[in-house]
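First the structure, in the form of structure tokens, and then the observations on it.
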Amino acid sequence: MESRLRRLEAVQSMLLEIGQQSVSCTDIALFLQAVHAALGRIMYAANFYVALNDRDGDDNSVRFVYFVDVQDEAPDPGQWVELASPEQSPTAWVILNRQPLVMTAEEHISRETGGAFGQGTVAEHWMGCPLLDQNHQILGAIVIQSYDAAHTYSEEDQALFALIANYVSSALQGLQSMDRLERAVRERTLRLEHEVAERRRAENLQRALYEIASLSASASDAGVLYRRLHEIISELVTARNFLIALYHPDSAEISIPYFVDEKDAEAPVKRFHYGIGMSSYILQRKQAQLLDGPAYAALRAAGEIDEPLGSEDIRSWMGAPMLLGDRAYGVIIVQSYDASVEYSQADLDILAFMASHVAVAIARMQADRAIRRAKDTLEEQNAALNTALTQLQAAQSELVRQEKLASLGRLVAGVAHEINTPLGICVTATSHLVQELKLTKEDLAAGQLDEDGLHAFFDTIDQSLRIMTTNTQRAAALVRSFKQVAVDQSSDNIRNFHLRKYLDEVLLSLQPKLKGKPIKVEVDCAPDIQLDSFPGAISQIVTNMVMNSLVHGFEEGQSGSIKISGKSDGEHIQFDYSDDGIGMDSSLLSQLFDPFFTTKRGSGGSGLGAHILYNLVTGPLGGSIKVVSAPGMGLHYHLRFPRDQRKKPAA
């Protein structure tokens with residue numbers, strides 16, 4: 001009775017210890033170790049283990065979180081094992097049936113009718129209890145066994161073990177919750193650390209890309225660009241040994257504009273043929289490569305690398321092509337001689353990503369350089385063209401001025417010739433009158449002058465005076481017309497004039513050119529149309545039109561007509577000129593206003609008449625001009641210009 005009382009006190013002490021351990025202990029293995037030690041004080045517990053379900057994943061998996069056995073080797077406490085069927089394992093029977101199981105060796109062996117029942121050594125006495133949470137959900141199993149026939153478990157031991165299993169279940173439920181919480185915290189912490197690292201990496205990459213883009217836009221010196229690229233990439237990966245190789249497809253060569261190495265002060269070769277060295281190996285494959293020392297040696301032995309350049313004593317090596325579309329600009333290579341610096345696939349991904357953006361930067365820099373060269377060349381060409389244009393405009397202005405003077409000279413010659421006729425008649429009439437006067441005086445002195453002779457003398461005087469009056473008036477009209485037209489053509493002043501009257505004066509001054517030609521000129525213009533404009537420009541325009549018709553529109557001796565029309569639509573004058581001459585086809589018509597274009601080269605055509613006409617209409621008159629023609633249909637000009645140049649209305 002006294003021993004039973006001591007045992008009950010030991011059990012009570014054990015249960016209190018289990019409760020205390022569940023509160024103070026945070027590690028399940030340490031807790032179960034304390035339970036095992038306390039259990040050994042009230043019963044034989046040399047062989048003891050606990051199997052727990054994977055409640056966060058597959059319920060059919062267990063792990064032996066605590067295992068002590070004198071016969072069998074302990075499994076890995078962190079390894080999950082697939083749960084066997086109840087017919088194959090006593091532990092599985094307890095877990096899946098959620099009931100305690102007590103077996104002797106004979107009972108154990110009797111269960112092996114269909115095969116082995118359990119994997120471990122057969123115990124003399126085996127006792128297992130399910131571990132259930134407060135919702136009667138299975139947590140796992142707690143097992144105690146004995147391989148010694150002298151140590152077996154009584155019914156009291158079985159009842160105590162079941163009671164202890166209940167306490168352990170309650171404690172494990174809290175510990176597992178805490179363990180899951182700690183695992184979740186650790187996993188969340190690891191995820192956060194990974195996210196922070198990824199975010200920092202992304203920020204570094206973004207900053208690097210921004211700096212590369214800024215460099216391509218601002219760096220005018222390629223050396224500065226490459227040195228800064230090295231600094232930027234060194235912030236992302238360890239790059240104590242770094243080179244940039246550029247590919248030149250025109251010459252099939254590779255150059256090394258930038259080289260930094262711990263063993264070599266300078267690049268062994270600054271320029272070499274494509275196909276040599278690791279740079280060519282990367283360019284041929286157009287894919288980033290990561291190598292260590294043995295892999296590099298294997299490539300050398302296989303002949304994949306032809307004539308390696310630089311030190312071959314590498315620990316880790318990676319190279320990435322600078323590609324933009326299908327075009328390869330070169331290679332970026334980073335290598336390590338130090339065993340503490342070995343590059344990973346993540347480092348290679350960063351280098352490849354940076355290389356693609358460096359290709360964009362190099363392409364932009366080369367394009368900017370080409371644009372600047374083209375701009376400089378274009379500016380030089382523009383300067384030369386402006387100089388030539390200035391000289392051409394000066395020469396053209398001089399030719400136009402000479403042509404206008406020549407036109408005025410021809411007008412003078414024609415008018416002088418035309419005035420010569422009436423003046424010659426007047427001279428002849430005067431001479432005849434002088435002779436008749438002399439004869440009459442002689443007859444009067446001799447007393448031979450009779451009434452008939454005096455009347456004959458008066459008739460001669462009357463006839464001669466009529467002839468002289470008619471021809472002097474004709475000459476005066478020619479001089480007056482010529483004087484006004486000549487003054488207008490040599491003047492750039494605005495004055496008020498009647499369009500119809502002025503057209504008549506211009507045509508009168510052109511009469512010497514029209515005389516003797518079967519060309520009829522018709523003018524349709526109201527006499528009351530007044531202009532405040534440049535009469536000289538209108539005179540020159542009409543003169544050039546008429547002369548062009550006479551020289552180019554009609555063949556020698558060909559009859560025809562010229563029609564001139566002037567109408568006012570308020571603020572503008574509609575001026576039309578047409579002839580019914582030979583006309584022009586579309587190809588010739590498109591060149592009509594070009595300077596020095598003429599269809600009568602060498603036959604009196606200067607090629608400036610229509611050009612001057614166009615410049616006068618669109619320049620001083622501020623108007624527009626259209627021309628229509630076809631072979632055999634003559635030529636038709638349509639002009640529209642402001643009536644009052646002092647108001648400067650829009651054309």
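Residue numbers run from 1 in the order of the sequence given. Since the model is a prediction, treat every value here as computed from it, not as a measurement.
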Review point. How close do Gln558 and Gly553 get, heavy atom to heavy atom, and via which atoms?
Key: OE1-O, 4.4 Å
**Study point:** Atom of Lys286, atom of Asp326 and distance for their closest heavy-atom approach
**Key:** NZ-O, 3.2 Å
Point to revise | Side chain to side chain, Pro257 and Leu246, heavy atoms closer than 4.5 Å | key: yes
Review point. How long is the gap from CZ on Arg643 to OG on Ser568, to the nearest 0.5 Å?
Key: 6.0 Å
Review point. In Å, rounded to the nearest 0.5 Å, how long is the span from CE of Met584 to CD of Gln591?
Key: 8.0 Å
Practice item. Please tell me if the side chains of Met322 and Val331 come closer than 4.5 Å, counting only heavy atoms from C-beta onward. Key: no
Review point. So does His248 have more than 12 non-hydrogen atoms from other groups sitting under 6.0 Å from NE2?
Key: yes
Review point. Looking at Pro518 and Gly557, what are the two nearest heavy atoms and their distance?
Key: CG-O, 3.7 Å
Review point. Where do Ser549 and Ile562 come nearest, in terms of heavy atoms and distance?
Key: CB-CD1, 4.0 Å
Practice item. Using modelled atom types only, decide if a donor and an acceptor are shared between the side chain of Tyr502 and the backbone of Pro535 within a distance under 3.5 Å. Key: yes
Point to revise | Derivation of the side-chain contact (heavy atoms from CB on, under 4.5 Å) call for Ile573 and Lys567 | key: CA-CA 6 Å; Ile573 298 297; Lys567 296 179 181 179; over 6 Å; no
Practice item. Take Lys517 and Leu550, measure what side-chain contact (heavy atoms from CB on, under 4.5 Å) needs, and give me the verdict at the end. Key: CA-CA 9 Å; Lys517 295 183 180 296; Leu550 295 178; 3.9 Å; yes
Practice item. Can you sort out the partners of His230 under ring-ring contact (aromatic ring centres under 6.0 Å, His included), two or more places apart, ordered by chain and number? Key: Phe242, Tyr258
Exercise for review: Please name all residues satisfying salt bridge (charged side-chain N to carboxylate O under 4.0 Å, His left out) with Lys520, sequence neighbours left out, ordered by chain then number.
Suggested key: Glu522
**Study point:** Non-hydrogen side-chain atoms of Leu589 and Leu635 separated by less than 4.5 Å
**Key:** yes
Review point. Do you know the tightest heavy-atom contact between Val617 and Leu621?
Key: O-CB, 3.5 Å
Check your understanding: Shortest non-hydrogen contact from Ala245 to Ser279?
Key -> CB-OG, 3.7 Å
Check your understanding: Have Tyr274 and Ser251 got a donor and an acceptor in their side chains that come within less than 3.5 Å?
Key -> no
Practice item. Output, in order, the C-alpha distance, side-chain angles, deciding distance and verdict of side-chain contact (heavy atoms from CB on, under 4.5 Å) for Met354 and Leu236. Key: CA-CA 10 Å; Met354 297 301 295; Leu236 302 173; 3.8 Å; yes
Practice item. Give a yes or no answer on whether the side chain of Tyr637 reaches the backbone of Ile625 with a donor-acceptor pair at less than 3.5 Å. Key: no
Review point. Rounded to the nearest 0.5 Å, how far does OH of Tyr577 lie from CG of Leu613?
Key: 10.0 Å
Check your understanding: Can you check whether Gly275's main-chain N or O pairs, donor with acceptor, with Gln284's side chain at less than 3.5 Å?
Key -> no
Exercise for review: Decide whether Gln574 and Asp569 meet the rule of one side-chain donor and one side-chain acceptor closer than 3.5 Å.
Suggested key: yes
**Study point:** Student check: side-chain heavy atoms of Asp644 and Leu531 closer than 4.5 Å
**Key:** no
Exercise for review: Decide yes or no for Arg495 and Asp532: does some side-chain heavy atom of the first lie under 4.5 Å from some side-chain heavy atom of the second?
Suggested key: no
Check your understanding: So, the side chain of Thr390 versus the backbone of Asn386: is there a donor-acceptor pair under 3.5 Å, distance only?
Key -> yes
Point to revise | Pairs touching residues 572-582 that satisfy salt bridge (Lys or Arg N to Asp or Glu O under 4.0 Å), sequence neighbours left out | key: none
Check your understanding: Got Phe641 and Ile541 here, is their nearest side-chain heavy-atom distance under 4.5 Å?
Key -> no
**Study point:** Heavy-atom donor-acceptor pair, Ser629 side chain to Gly634 backbone, under 3.5 Å
**Key:** yes
**Study point:** side-chain contact (heavy atoms from CB on, under 4.5 Å) between Leu503 and Phe575, worked out
**Key:** CA-CA 12 Å; Leu503 288 176; Phe575 188 90; 4.1 Å; yes
Review point. Just wondering, do Leu283 and Ile254 contact through their side chains at under 4.5 Å, heavy atoms?
Key: yes
Check your understanding: Hey, are the side chains of Phe272 and Ser255 touching, using non-hydrogen atoms and a 4.5 Å cut-off?
Key -> no
Review point. Are the charged groups of Asp528 and Arg500 less than 4.0 angstrom apart, N to O?
Key: no
Practice item. Apply ring-ring contact (aromatic ring centres under 6.0 Å, His included) to Tyr247 and Tyr329, showing your working. Key: CA-CA 5 Å; Tyr247 176 53; Tyr329 286 89; 9.7 Å; no
